[in-house]
Structures are given as C-alpha cells and as structure tokens.
Amino acid sequence: MKSLAQRAFTLDDQLRFASISGDSNPMHMDALQARRTQAGAPVVHGIHLLLWALDSLAHALPERPQLRNLRVHFNKFVYLDEPVEVILAEYSPKGARLHVAVDGIPRSKFNVTFGDVAAECPSISDALLPLIVIPNSASDLKFEEMAGLSGRLPFRMKPEDAQASFPSATQWLGAQRIASLAASTCLVGMVCPGLHSIYSELSVKACTESSAQNFLDFHVSQADERFRSLELEIAGGGLTGTAYCTARLPPVEQASMQSLAGLVSPGEFAGSTALVIGGSRGLGELTAKLIAAGGGHVLITWKNGKDDAERVAHQIRSAGGTCDTLPYNAGKPASEQLTSLAHIPSHVYYFATPSIFRPQSEMFTANRLREFEEIYVNGFWQLIRTLRPLQPGLSLFYPSSVAVEERPRGMTEYTMAKVAGEVLCADVNESMAPLHVTISRLPRLLTDQTASVAATETENPVDVMLPIIREVQSWPR
C-alpha cells in the first residue's frame with residue numbers, strides 16, 4: 001500500500017467545491033444544521049474526496065491506462081480539518097484500488113478498472129427529460145415524490161474549474177467526465193433526495209458521446225421506503241451508471257407545548273427555577289417545555305444554537321410559560337459564565353454533550369476519553385461548585401446511559417466517562433447534602449444524536465423524562 005497524497009479539507013475547500021458542483025447541502029456547509037444530522041458536524045463531499053483521489057492517482061502515475069469503470073463506496077464521513085490520505089491499496093494493468101483513509105482506516109473505497117471506453121453512451125430515457133433548475137436551497141421532498149423522478153441537470157463545473165481544481169484527473173478523464181461526477185453530488189444533495197440525503201455508492205462506466213453534453217440525465221429507477229434507499233440511473237458527460245443514496249429522516253422534532261399541556265398540572269412545578277444546560281434541542285428542549293408547562297421558570301442554555309434556543313423560548317412564552325436563554329459552554333469555567341444570573345436556579349438538568357458517534361481508528365483513544373470527561377465529569381463538577389454557594393439545597397439531574405450496562409461497540413470512551421460521572425454524583429450525594437443529584441441511566445431515546453437513517457423503535461421520551469422530572473423537582477425534601 002502506498003500513500004499518494006495527504007491533506008485536511010477546510011471550509012474554504014467546501015465553499016469552492018459547492019460553487020462548482022452546485023451542492024450546498026447543509027450537511028456540508030452549515031455547522032448548526034449539520035449537528036442535527038447523523039454526521040453531527042459538517043462533512044466533506046464524497047465526490048470531492050473521489051475527485052481528489054483520482055487526481056492524486058493520475059498525478060502519481062502519469063502513464064496509467066484509460067478509465068473504463070469506476071465503483072465508489074462512501075463508507076464513513078470525513079469531517080472538516082481531519083487529516084486524510086489517499087492510499088493506493090492495489091495497482092495492476094487491469095485496475096487500481098484506492099482508499100481515502102484517516103489514521104490508516106478507510107473512510108471511502110474506490111475501485112478503478114482500466115480499458116477501452118464504451119463506444120456509445122446509452123440514453124436513460126426515450127422521452128425528452130425536463131430541465132431541472134438547480135435550486136438555491138436543497139429540495140425537501142416526501143419519499144413518495146422521489147419514486148420515478150426524472151430530469152436533466154445542467155453542469156455547474158466549467159472546464160476551467162475542472163482544470164484548476166483537479167488538473168491531473170482532468171487530463172486523464174476529460175473535463176466533461178469531471179463535471180459529470182461533480183453534477184452527481186448536486187443531484188443527490190440538492191435535487192433528489194435533496195435536503196435529507198446521504199450519497200452512499202456510485203457505479204459508472206466511461207463512454208463516448210457523439211457530442212459534448214453539459215448536463216446529467218437522471219431517473220429514479222428504484223425506491224425502497226423500508227430502508228429509504230434510492231437508485232438513480234445517470235448518464236451524461238461521457239459517463240453512465242447508477243448512483244445509490246439514502247433519504248434520511250428529517251431532524252427530530254420534540255413535542256409541542258400544546259401536546260404537553262395536558263400531561264402536567266398547570267402549577268405542578270410553580271415556584272421553581274430550572275437551569276437546563278443544553279436546552280435548545282433534544283431532551284433538554286423537552287425537559288424545559290415540561291417544566292414550563294407545569295408553571296416553572298426555565299433558563300435554557302446554548303453553545304452554538306442560539307436560534308434553536310430562541311425558538312424553544314418563543315414556543316414556551318407563546319404557551320404562557322416563562323423562559324430565558326443563556327450562552328453556555330460546559331467545557332469552560334462555569335463561574336465565568338453564570339455570574340449574572342437574574343434568577344438563582346433551584347433545579348439543574350445537565351444535557352451537555354459532545355458528539356457521541358464519531359469514527360475512529362482504534363477501539364480506545366485517550367484524547368476521546370478526555371473530551372467526554374471534560375464535559376461529563378469536570379463540566380458537571382464545576383457547575384456544582386459554582387451554584388452550591390448560591391443554592392445549598394440545589395437539586396440536579398445527571399443523565400447517564402444504559403450504555404454503561406450494554407457496552408455497545410464503538411462507545412468505549414463514552415461509557416467510561418459516564419461511569420466516572422456516576423461515581424462523582426454518588427460521592428456528591430454522600431458528602432454535599434442537602435444538595436442532591438438524581439442519576440438515571442436513560443434508554444436510547446429519539447434525538448438528533450441517536451437518529452438513524454430509517455425509523456427505529458425507541459421509547460417515548462415524554463414517558464421516560466416526565467417521571468424523572470417529577471423526582472428531581474421533588475427535591476429538596
């Protein structure tokens with residue numbers, strides 16, 4: 001195996017590639033919206049990685065034969081600023097295998113077959129396909145609207161863009177084929193499936209077009225709603241084949257204030273002030289709404305999602321509740337961030353968390369453990385130390401996880417940090433009364449962090465959280 005190139009992709013790379021490919025899907029471009037996807041943070045366009053890998057191969061092996069077939073597997077996300085490398089895993093006169101890897105572990109795999117190109121590019125439809133205007137924002141289609149969809153998508157990448165960005169690959173494959181590959185990510189990310197898309201595979205063969213065509217024809221040939229998977233026949237620019245993708249479920253929306261109003265008594269939590277760390281979305285949002293529905297005053301914090309926090313606060317106020325918002329970073333000293341509280345909290349709910357599911361090369365890494373411990377252990381302890389002098393009888397909630405018992409694969413550091421947090425809470429309860437911490441190992445509940453591609457059975461978060469909230473609110477006793 002031979003390393004052909006190394007680099008880390010930045011937001012500037014993303015902006016340039018989005019401008020020439022047409023794909024400005026939030027998963028790639030918007031950090032706040034990306035955190036509500038399975039990725040959790042902006043990721044590099046898969047086709048960008050492919051073109052970089054092909055360019056690296058063409059540069060390293062200038063005498064390589066013509067490309068006949070290309071098979072692509074985008075296995076795992078590559079995040080911005082991660083150091084990645086193109087690895088030549090295998091090379092022969094018949095073809096090559098390329099890996100895009102982080103710490104030596106492949107995130108994407110590309111199989112290249114060498115040989116003569118097909119004599120003619122077949123058409124995917126005898127009918128005249130409608131011209132698709134590339135939208136300014138990704139389309140938001142219902143799954144049933146995707147089945148059978150067809151169209152003709154203009155190329156955004158010009159020959160000079162292809163030459164400037166991928167000079168060796170352009171010399172090898174031609175600017176039209178580079179533009180065709182770039183157009184496929186615009187198709188998946190902006191048109192179909194669009195907003196909630198994951199580009200998973202691509203299989204194409206090179207062919208000879210009778211005349212240069214600056215568009216990509218497509219037709220959705222397969223749509224399986226059970227797995228929300230799609231197969232798109234594509235043809236144009238000297239390539240023909242199939243793109244495979246998934247239509248993700250939309251981001252998780254927590255229950256509305258109206259739906260929660262009948263679950264708690266209007267004055268059930270009256271007289272309390274609840275500080276909800278991480279209350280701008282997920283279980284923190286749900287907790288804030290339930291307490292507000294019961295007459296408690298809530299103060300929700302946000303690290304990056306100010307707009308999300310204001311949205312939640314607006315919903316609470318519109319329903320007659322009271323809510324304030326506050327920026328807060330659990331990885332920084334609490335004492336510096338909570339000095340100007342207008343209301344001293346009587347109760348605290350701690351939903352701060354880094355991204356849980358991130359690919360890594362080894363079973364365990366010390367840096368990942370430190371990242372979790374900084375939030376789940378030190379961050380929680382600093383919050384207690386800051387608030388206890390203000391409210392000696394403070395009641396807090398510490399959410400642990402059934403992962404402590406089940407030990408799911410790939411969550412070693414997360415589980416270790418949660419165990420450490422439980423030990424801290426137990427010792428706090430032993431030595432810092434009347435302050436009390438309620439600890440609960442939560443099951444998998446549907447949130448942005450735990451959402452999967454297709455619908456999965458999970459417990460109702462309201463049914464799980466409401467008894468916990470009542471227990472926390474019952475302190476001090």
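Bear in mind the structure is a predicted one, so any value in this text is a computation, not a measurement. Keep in mind that the numbers below use all heavy atoms, side chains included, and drop hydrogens, waters and symmetry copies.
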Exercise for the section: Keeping the roles fixed (side chain from Thr170, backbone from Ala162), state whether a donor-acceptor pair exists under 3.5 Å. Expected result: yes
Practice task
For residues Ile47 and Val188, determine if any side-chain heavy atom of one lies less than 4.5 Å from a side-chain heavy atom of the other.
Solution key: no
Exercise for the section: For Leu54 and Leu50, run side chain to side chain contact (heavy atoms under 4.5 Å, CB included): C-alpha distance rounded to whole Å, both residues' side-chain angles, the deciding distance at 0.1 Å, then the answer. Expected result: CA-CA 6 Å; Leu54 294 175; Leu50 170 64; 4.0 Å; yes
Handout entry: salt_bridge(Lys306, Glu310) N-O dist < 4.0 Å
Key = no
Practice task
Cation-pi check, Arg7 to Phe9: give yes when NZ or CZ is under 6.0 Å from the six-membered ring centre and within 45° of the ring axis, no otherwise.
Solution key: yes
Fill in the blank from the handout: For Gly194 and Ala138, the nearest pair of non-hydrogen atoms, with its separation, is C-CB, 4.0 Å
Handout entry: Spacing of Gln163 atom CD and Met157 atom CE [to the nearest 0.5 Å]
Key = 11.5 Å
Problem - Main-chain N/O of Phe17 paired to Ser21 side chain as donor or acceptor, under 3.5 Å - result: yes
Practice task
Measure the CG-CD distance between Leu290 and Glu285 for me, rounded to the nearest 0.5 Å.
Solution key: 10.5 Å
Fill in the blank from the handout: Correct closest heavy-atom pair for Ala53 and Leu98 would be O-CD1, 3.9 Å
Handout entry: Pair Glu373 + Arg370: basic N to acidic O under 4.0 Å
Key = no
Problem - Check ion pair Glu201-Arg71 (N to O, under 4.0 angstrom) - result: yes
Exercise for the section: Could you label the plane-to-plane angle of the Tyr350 and Tyr398 rings as parallel, tilted or perpendicular, counting under 30° as parallel and over 60° as perpendicular? Expected result: parallel
Handout entry: Distance, nearest 0.5 Å, that separates OH of Tyr244 from CG of Leu230
Key = 12.5 Å
Problem - Student check: side-chain heavy atoms of Thr287 and Phe397 closer than 4.5 Å - result: no
Problem - Glu459 backbone acceptor or donor facing Arg444 side chain under 3.5 Å - result: no
Problem - side chain to side chain contact (heavy atoms under 4.5 Å, CB included) assessment of Gln254 paired with Val252 - result: CA-CA 6 Å; Gln254 296 301 329; Val252 176; 3.8 Å; yes
Exercise for the section: Answer yes or no: is there a donor N or O on one side and an acceptor on the other, between the side chain of Ser139 and the main chain of Met190, under 3.5 Å? Expected result: yes
Problem - Gap between atom OG of Ser180 and atom CG of Leu173 - 0.5 Å precision - result: 11.0 Å
Completion exercise
Minimal heavy-atom distance between Ile132 and Ser150, with the atoms involved, is CD1-O, 4.4 Å
Practice task
Please say whether more than 12 non-hydrogen atoms of neighbouring residues, nucleotides or ligands are located less than 6.0 Å from CG in Asp116.
Solution key: no
Exercise for the section: May I ask you to test the Thr10-Asp81 pair for a side-chain heavy-atom distance under 4.5 Å? Expected result: yes
Practice task
Decide yes or no for Val312 and Cys323: does some side-chain heavy atom of the first lie under 4.5 Å from some side-chain heavy atom of the second?
Solution key: no
Problem - Parallel, tilted or perpendicular: rings of His28 and His45 (30°, 60°) - result: parallel
Practice task
Provide the closest heavy-atom pair for Ala18 versus Met29 in the form atom of the first, atom of the second, distance.
Solution key: CB-SD, 4.0 Å
Practice task
Determine whether Lys2 and Tyr91 make a side-chain contact, defined as any pair of heavy atoms from C-beta on separated by less than 4.5 Å.
Solution key: no
Handout entry: Test side chain to side chain donor-acceptor pair (under 3.5 Å) applied to Arg107 and His73, Glu82, His99, the passing residue
Key = Glu82
Handout entry: Leu239 backbone acceptor or donor facing Arg177 side chain under 3.5 Å
Key = no
Problem - Whether Asp55 side chain and Ala169 backbone form a donor-acceptor pair below 3.5 Å - result: yes
Fill in the blank from the handout: Here the salt bridge (Lys or Arg N to Asp or Glu O under 4.0 Å) pairs for residues 154-167, sequence neighbours left out, are none
Practice task
Answer yes or no: is there a donor N or O on one side and an acceptor on the other, between the side chain of Arg64 and the main chain of Ala58, under 3.5 Å?
Solution key: yes
Completion exercise
Correct closest heavy-atom pair for Phe351 and Leu283 would be CE2-CB, 3.7 Å
Exercise for the section: Before giving the answer on side chain to side chain contact (heavy atoms under 4.5 Å, CB included), spell out for Leu442 and Met465 the whole-Å C-alpha distance, their side-chain angles and the decisive distance to 0.1 Å. Expected result: CA-CA 9 Å; Leu442 299 179; Met465 289 305 305; 4.3 Å; yes
Exercise for the section: Could you go through the side chain to side chain contact (heavy atoms under 4.5 Å, CB included) check for Phe110 and Leu57 one step at a time? Expected result: CA-CA 11 Å; Phe110 313 136; Leu57 175 65; over 6 Å; no
Exercise for the section: Count the heavy atoms of every other residue, nucleotide or ligand shown that sit under 6.0 Å from CD of Glu233, and state whether that count exceeds 12. Expected result: yes
Practice task
Look up atom CZ in Phe166 and atom CG in Leu51, then write down how far apart they are to the nearest 0.5 Å.
Solution key: 4.5 Å
Problem - Ser401 side-chain N/O to Arg441 backbone N/O, donor-acceptor pair under 3.5 Å - result: no
Practice task
Would you check if the side chain of Trp172 reaches a backbone N or O of Pro65 as a donor-acceptor pair within less than 3.5 Å?
Solution key: yes
Handout entry: Side-chain heavy-atom pair His48, Gln14 within 4.5 angstrom cut-off
Key = yes
Handout entry: Minimum-distance pair of heavy atoms, taken over all atoms of Gly151 and Leu129
Key = O-CD1, 3.5 Å
Exercise for the section: Assess Lys418 against Tyr376: is NZ or CZ under 6.0 Å from the centre of the six-membered ring, and within 45 degrees of the ring's axis? Expected result: yes
Handout entry: Pairwise side-chain contact, Asp307 with Arg311, heavy-atom cut-off 4.5 Å (strictly under)
Key = no
Handout entry: Side-chain heavy atoms of Ser165 within contact of Arg16, under 4.5 Å
Key = yes
Handout entry: Main-chain N/O of Asn329 paired to Gln337 side chain as donor or acceptor, under 3.5 Å
Key = yes
Fill in the blank from the handout: Taken to the nearest 0.5 Å, the spacing of Ser203 OG from Leu70 CG works out to 8.0 Å
